[in-house]
Amino acid sequence: GKRQRVFFAVSSSFNGPFIPTVMPFTPYAQDGQNGENGHPDTIVMGNQLHVIYQERDGDKQPWHLRSAVYNIPDLT
């Protein structure tokens, strides 16, 4: 349960290079396991960044879909 993390990255060019900035989601973990998240997808709607991603509580635990919305001006 330590392999995957969702992170944000920025660039002044569409083609990069990209600089990682933050890991916006803290993986949930229970029973002393290490949670993980990954496989994000995003869409921009107006001034909002919508994110969906997978998350699980630890090794051999089921994956769940999660979502979040960020105001783009707050990210810069």
Side-chain angles (χ1 to χ4, degrees):
K2 297 184 214 177
R3 298 177 302 276
Q4 299 184 44
R5 295 290 184 268
V6 174
F7 65 92
F8 288 167
V10 297
S11 176
S12 60
S13 168
F14 182 75
N15 295 321
F18 293 91
I19 300 168
T21 58
V22 297
M23 289 189 293
F25 311 115
T26 302
Y28 177 76
Q30 62 182 6
D31 300 328
Q33 295 194 47
N34 293 313
E36 63 184 316
N37 55 45
H39 303 286
D41 204 351
T42 61
I43 186 168
V44 173
M45 296 177 69
N47 282 334
Q48 292 184 323
L49 175 68
H50 295 253
V51 183
I52 59 169
Y53 62 100
Q54 293 180 357
E55 178 182 71
R56 70 177 177 170
D57 298 344
D59 288 335
K60 299 180 183 173
Q61 298 298 315
W63 287 96
H64 304 280
L65 286 178
R66 305 285 186 233
S67 65
V69 178
Y70 291 90
N71 289 316
I72 294 172
D74 296 340
L75 298 174
T76 57

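Among all heavy-atom pairs drawn from Ser13 and Phe18, the shortest one is O-CZ, 4.2 Å. Nearest heavy atoms, Thr42 versus Val51: CG2-CG2, 3.9 Å. Annotation for Gly46 and Ile72: closest pair O-CD1, 4.3 Å, computed over non-hydrogen atoms. Of all non-hydrogen atoms in Gly16 and Ser11, the two that sit nearest each other are CA-OG, 3.3 Å.
Rounding to the nearest 0.5 angstrom, the gap separating the CD atom in Glu55 from the CH2 atom in Trp63 is 9.0 Å. Distance CG/Asp74 to CG/Leu49: 11.5 Å, rounded to 0.5 Å. Considering CG of Asn34 and CG of Asp59, their distance stands at 8.0 Å, rounded to 0.5 Å.
Between Arg5 and Pro27, the closest side-chain pair of non-hydrogen atoms falls below 4.5 Å. Looking at Leu65 and Gln54, their side chains come closer than 4.5 Å, going by heavy atoms from C-beta outward.
Clustering ILVMFWY residues whenever any of their side-chain heavy atoms sit less than 4.5 angstrom apart, transitively, puts Val22 in the very cluster that holds Tyr53. Criterion: ILVMFWY side-chain heavy atoms under 4.5 Å apart, direct or through other members. Under it, Val6 and Leu75 are part of a common hydrophobic cluster. Cluster membership check: Val44 shares its hydrophobic cluster with Phe8, using side-chain heavy-atom separations under 4.5 Å among Ile, Leu, Val, Met, Phe, Trp and Tyr. When the side chains of ILVMFWY residues are joined at heavy-atom separations under 4.5 Å, either directly or via intervening members, Phe25 and Met23 end up in two distinct hydrophobic clusters.
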Take Gln48 and Asn71 through the test side chain to side chain contact (heavy atoms under 4.5 Å, CB included) and record every step on the way to the result. CA-CA 5 Å; Gln48 292 184 323; Asn71 289 316; 3.6 Å; yes
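Legend: residues meeting ring pair (Phe, Tyr, Trp, His ring centres under 6.0 Å) with Phe7, ordered by chain and number and at least two apart, are absent.
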